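I have placed the structure first, in the form of structure tokens, so that the comments after it can refer back to it.
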2 protein chains.
Amino acid sequence: MAKQSPSIPDSELDVLKVLWDRGRGTVREVLDALKAAGHLGKIKGKPWSYATVATLLDRLEQRGLVSSDRRELAFVYTPTVAEQDVRRERIGHLVDKLYEGEPGLLVLHLLQQHRLAPEHAKEVRALLERLDAESEPPARG
Amino acid sequence: MAKQSPSIPDSELDVLKVLWDRGRGTVREVLDALKAAGHLGKIKGKPWSYATVATLLDRLEQRGLVSSDRRELAFVYTPTVAEQDVRRERIGHLVDKLYEGEPGLLVLHLLQQHRLAPEHAKEVRALLERLDAESEPPARG
DNA sequence: CGTATCCTAAGACACTTGTCCCAGAAGGTC
DNA sequence: GACCTTCTGGGACAAGTGTCTTAGGATACG
């Protein structure tokens with residue numbers, strides 16, 4: 001056993017997101033959800049075919065990221081990883097690749113180059129203070 | 001101008017980073033730098049061969065991300081994109097794919113799940129206050 | 001000149017990704 | 001039972017990536 005998460009491809013991620021949003025779904029349901037959301041393939045620039053979604057779900061299952069369960073006619077797929085985890089993995093990768101493993105640098109860049117919604121900025125400040133207080137030694141004299 | 005960068009592959013990024021660090025370099029220099037840094041291929045898990053680095057530099061040139069200039073014996077490669085830009089592109093992608101286009105959410109996640117070095121935390125707080133002050137009406141009284 | 005070096009060019013090759021077609025099986029309908 | 005409809009299964013195939021081999025040109029050195 002080596003590594004089963006060679007970074008999920010974008011297309012599979014799109015499928016996975018639908019499952020995260022809905023909890024579970026069949027090929028057809030995922031396809032419809034994507035269409036409803038106006039999703040388009042990155043190469044052909046048009047909505048995926050049923051087969052494409054099926055393949056993607058299949059590959060996700062091979063990666064162990066979703067599990068399938070046959071009910072009635074169709075397989076129902078359920079994610080076995082949390083969005084959290086995938087996000088964490090992606091961030092980790094990005095930070096390692098482009099920010100020398102320093103999440104702080106990424107944060108700085110985000111703040112400098114991407115204007116965030118004010119409510120997020122507020123939350124960020126609050127969170128930061130909380131963390132600050134925690135990590136600080138109880139300044140005991 | 002649309003997008004000529006269908007996301008740089010990781011391997012090419014590794015090469016590009018060396019060029020960013022050193023300003024420029026030949027195949028051999030990049031190779032040596034990577035070896036010195038203990039870099040290993042992701043599939044074979046061993047240091048790249050000269051040819052691999054050459055291929056990667058070549059592909060980078062095809063993408064228009066580095067330019068080559070023959071001096072003496074060897075080609076010298078120089079990056080034509082700034083690390084900044086690549087970082088921005090990557091972040092944008094990540095934010096779009098996993099954070100509904102909200103950089104603020106990413107920041108929040110980073111702060112919650114990745115402990116950052118205290119000096120970065122400090123900088124972040126400072127930066128945030130500055131931004132805050134700027135965007136706020138100069139409530140001077 | 002002959003040989004050891006180092007460089008480039010060209011391409012090979014396996015695996016991954018993006019995308020889809022088609023032949024059947026399973027179930028419903030009259 | 002003959003027919004749809006919807007699913008699954010099993011490829012297929014072009015591009016993109018990761019990695020290397022091989023052949024050959026230029027340089028350097030005795």
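Just so we're on the same page: letters track the sequence lines, and every chain starts at 1. Because the structure is a prediction, the values reported are computed rather than measured. Computed over heavy atoms, backbone and side chain alike; hydrogens, waters and symmetry mates excluded.
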Per atom distances to the B:K42 side chain, the nearest of D:dT19, C:dC21, C:dT8 is D:dT19
Tell me if a side-chain donor or acceptor on A:W20 pairs with a main-chain N or O of A:V81 at a distance below 3.5 Å.
yes
Which nucleotide sits closest to the side chain of B:W48: C:dT19, D:dC20, C:dT8?
D:dC20
Length of the line joining A:I43:CD1 and D:dG16:C1', which is rounded to integer Å
9 Å
Of the listed D:dC7, C:dC20, D:dG18, the closest approach to the A:R28 side chain comes from D:dC7
Cation over ring face, B:R28 and B:Y50, 6.0 Å, 45°:
no
side-chain N/O B:T52 vs D:dC20 OP1/OP2, d < 4.0 Å
yes
B:L40 CG to D:dC20 P, straight-line distance once rounded to whole Å:
11 Å
Phosphate OP1/OP2 of D:dC20 contacted by B:K46 side-chain N/O (<4.0 Å):
yes
Just by distance, with hydrogens left out, do A:T55 and A:T52 show a side-chain donor and acceptor under 3.5 Å apart?
no
Using atom NZ of B:K97 as one end and atom P of C:dT17 as the other, report the distance to the nearest whole Å.
14 Å
Which residue, B:A51 or A:S49, contacts DNA chain C at a nucleotide closer to its 5' end, judged by nearest heavy atom?
B:A51
Does B:R63 pair with B:E12 as a salt bridge, N-O distance under 4.0 Å?
yes
State whether a side-chain donor-acceptor pair under 3.5 Å links A:E89 with A:S7.
yes
Tell me whether the side-chain N or O atoms of A:R63 pair up with the base of C:dT16 as donor and acceptor below 3.5 Å, since no angle test is needed here.
no
Nearest-Å distance for atom pair CG/P, residues A:D10 and C:dT16:
17 Å
Scan A:F75 against the nucleic acid and name what it touches under 4.0 Å (heavy atoms): base, sugar-phosphate only, or nothing.
sugar-phosphate
Determine whether a donor-acceptor pair (one donor, one acceptor, N or O, separation below 3.5 Å) exists between the side chain of A:T55 and the base of C:dC20.
yes
Under 4.0 Å: is that the gap between some side-chain N or O of B:S11 and OP1 or OP2 of D:dT17?
no
In this structure, how many angstroms lie between the P atom of D:dT17 and the CG atom of B:L65, rounded?
12 Å
Nearest whole Å is fine: how far is C:dT16 P from A:L60 CG?
15 Å
Evaluate the side-chain proximity of A:L19 to A:Y77: yes if any heavy-atom separation is below 4.5 Å, no if none is.
yes
Looking at the base of C:dG18, is there any donor atom on it, or on the side chain of A:R59, that sits under 3.5 Å from an acceptor on the other one?
yes
With the side chain of B:A74 defined as its heavy atoms from C-beta on, choose the nearest nucleotide among C:dG18, C:dC7, D:dC7.
C:dC7
Just the rounded figure in Å: distance from C1' of C:dA10 to CD of B:Q62.
12 Å
Under 4.0 Å between a side-chain N/O of B:Y50 and OP1 or OP2 of C:dC6, yes or no?
no
To the nearest angstrom, the NE2-C1' distance between A:H39 and C:dT19 comes to 12 Å
